[in-house]
2 protein chains.
Amino acid sequence: MDERENVPQRPYAEVIDRLRSVDLRPTRQRLALARLLLEHGDRHITAEQLHGEAIDRGIRVSLATVYNTLHQFTSAGLLREVVVEAGRSYFDTNTSDHHHFYNETTGDLHDIPGSEVSVTSLPEPPDGSSVARVDVIVRLK
Amino acid sequence: MDERENVPQRPYAEVIDRLRSVDLRPTRQRLALARLLLEHGDRHITAEQLHGEAIDRGIRVSLATVYNTLHQFTSAGLLREVVVEAGRSYFDTNTSDHHHFYNETTGDLHDIPGSEVSVTSLPEPPDGSSVARVDVIVRLK
DNA sequence: AAAATAGTTTAGAACTGTTCTAAACTATTG
DNA sequence: CAATAGTTTAGAACAGTTCTAAACTATTTT
Ligand SMILES: [Mn+2]
Ligand SMILES: [Mn+2]
Ligand SMILES: [Zn+2]
Ligand SMILES: [Zn+2]
């Protein structure tokens with residue numbers, strides 16, 4: 001077995017390319033945040049949680065940069081923002097069509113695949129507006 | 001026509017009884033807020049909007065009281081809270097089972113009667129939790 | 001390889017919506 | 001009419017987020 005086949009020639013090339021493809025320079029901070037967000041499966045995380053996690057791992061990054069990055073990633077379609085309670089935004093690394101269970105006691109947020117919910121017989125949107133997204137939040141207690 | 005049949009013997013008796021029935025004293029402030037909220041059809045309003053409206057009508061009431069009142073009314077089931085964006089809570093005078101159109105551009109929030117949406121094939125809630133409510137928000141642009 | 005440019009990061013101030021505090025006030029009860 | 005318990009209030013405090021402008025860095029140009 002050739003050990004080297006697991007050692008990428010260009011480290012983090014995938015994340016770097018992903019950033020370049022949305023016109024964001026792969027800076028040290030963005031790269032580290034992108035790896036925390038995008039290389040660990042589906043996550044629902046707040047800015048402050050992500051900042052804490054970065055600091056815990058020795059990544060020096062300011063909270064302002066975490067906010068900047070989360071918003072840039074969201075605009076670029078790498079993340080989406082989920083609002084389940086006033087005063088706190090969750091950022092979701094799952095950008096596919098899906099919905100959420102939200103446990104109001106624990107604050108846990110879990111995905112429901114889009115295929116497992118159907119919202120039918122919605123009325124027409126008013127006047128000149130069009131549907132941007134349908135969010136279903138199943139609140140648990 | 002007897003004019004007096006439109007003049008209640010006990011003014012605002014309905015609102016007063018409603019407050020008493022949920023163990024809230026019918027104070028001047030609560031009564032005024034209850035009338036703004038409950039005698040004007042379905043409304044979706046923030047604390048600051050309601051406070052502004054009260055002040056405009058010459059009702060002297062503090063913002064703290066508006067928040068206290070909105071939360072008390074919500075606990076009592078007279079209102080419900082709708083979260084459509086982080087950092088701002090809407091209070092909804094329609095407590096029946098229904099959903100919402102939310103125009104992200106204008107901030108307008110409109111009801112969709114519960115009968116006009118059906119959410120089917122939801123998966124089981126995780127572990128020992130049970131469904132408190134299902135919120136559908138149709139985001140418009 | 002330097003220099004120029006444009007994009008990025010940062011600390012800290014500022015801001016927004018909301019909650020807290022504790023003193024003054026008021027509706028209800030005895 | 002007191003006594004009591006609930007209510008209101010101004011202002012301070014708080015939490016999450018955004019802003020500012022100066023320092024820094026990735027990329028482009030020469
Ligand atoms: Mn945002
Ligand atoms: Mn609340
Ligand atoms: Zn999700
Ligand atoms: Zn409503």
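Worth knowing before you read on, the calculation uses all heavy atoms, side chains too, and leaves out hydrogens, waters and symmetry mates. A, B, ... follow the sequence lines: proteins, then strands. Residue 1 opens every chain.
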To the nearest Å, how far apart are [X] [atom1] and [N] [atom2]?
X      : N       : atom1 : atom2 : answer
R25(A) : dT5(C)  : CZ    : P     : 14 Å
E85(B) : dG17(C) : CD    : P     : 9 Å
L70(B) : dT18(C) : CG    : P     : 10 Å
E81(B) : dT18(C) : CD    : C1'   : 11 Å
L50(A) : dT17(D) : CG    : C1'   : 15 Å
L31(B) : dT28(C) : CG    : C1'   : 16 Å
Y67(B) : dG11(D) : OH    : C1'   : 15 Å
L33(A) : dT9(C)  : CG    : P     : 8 Å

Query raised in the report: Given the rule in the side-chain hydrogen bond (donor to acceptor under 3.5 Å, both in side chains) test, do D111(A) and H100(A) qualify, once you have shown the distances and angles that lead to the verdict?
Result: CA-CA 5 Å; D111(A) 284 349; H100(A) 296 95; 3.2 Å; yes

Query raised in the report: Between V15(B) and F91(B), is there a shared hydrophobic cluster once you connect ILVMFWY residues whose side-chain heavy atoms come closer than 4.5 Å?
Result: yes

Query raised in the report: In terms of hydrophobic clustering (I, L, V, M, F, W, Y; side-chain heavy atoms under 4.5 Å; direct or indirect links), are L140(A) and V136(A) co-clustered?
Result: yes

Is [X] close enough to [N] that one of its side-chain N or O atoms is under 4.0 Å from OP1 or OP2 there?
X      : N       : answer
R88(A) : dA15(D) : no
H71(A) : dT17(D) : no
R28(A) : dA26(D) : no
T27(B) : dT8(D)  : yes

Requested in this report: Please tell me which of the listed nucleotides, dG16(D), dT18(C), dA6(C), lies nearest to the side chain of A47(B)?
Outcome: dT18(C)

Report task. State which of dT28(C), dT17(D), dT9(D) makes the closest approach to the side chain of N68(B). Result -> dT9(D)

Report task. Check the pair E85(B), Y102(B) against side-chain hydrogen bond (donor to acceptor under 3.5 Å, both in side chains), reporting the backbone distance first and the verdict last. Result -> CA-CA 10 Å; E85(B) 63 180 51; Y102(B) 179 61; 2.3 Å; yes

**Report entry** Residue among L63(A), I45(A), L70(A) satisfying side-chain contact (heavy atoms from CB on, under 4.5 Å) with H51(A)
**Finding:** L63(A)

Query raised in the report: With both distances kept under 3.5 Å, what pairs with dA23(C), Watson-Crick or G-U wobble?
Result: dT8(D)

Requested in this report: Taking the side chain as every heavy atom from C-beta outward, state whether L122(A) and V138(B) have any pair of such atoms under 4.5 Å apart.
Outcome: yes

Query - Positions of residues 51-64 of chain A (non-hydrogen atom under 4.0 Å from DNA chain C), listed by number - result: R60(A), V61(A), S62(A), A64(A)

Query raised in the report: What are the two closest non-hydrogen atoms of A47(A) and V66(A), and how far apart are they?
Result: O-CG1, 3.5 Å

Query raised in the report: Is T65(A) touching bases, backbone alone, or none of the nucleic acid, heavy atoms closer than 4.0 Å?
Result: base

Requested in this report: Nearest-nucleotide wise, let me know which of Q29(A) and E48(B) is further upstream toward the 5' end of DNA chain C.
Outcome: Q29(A)

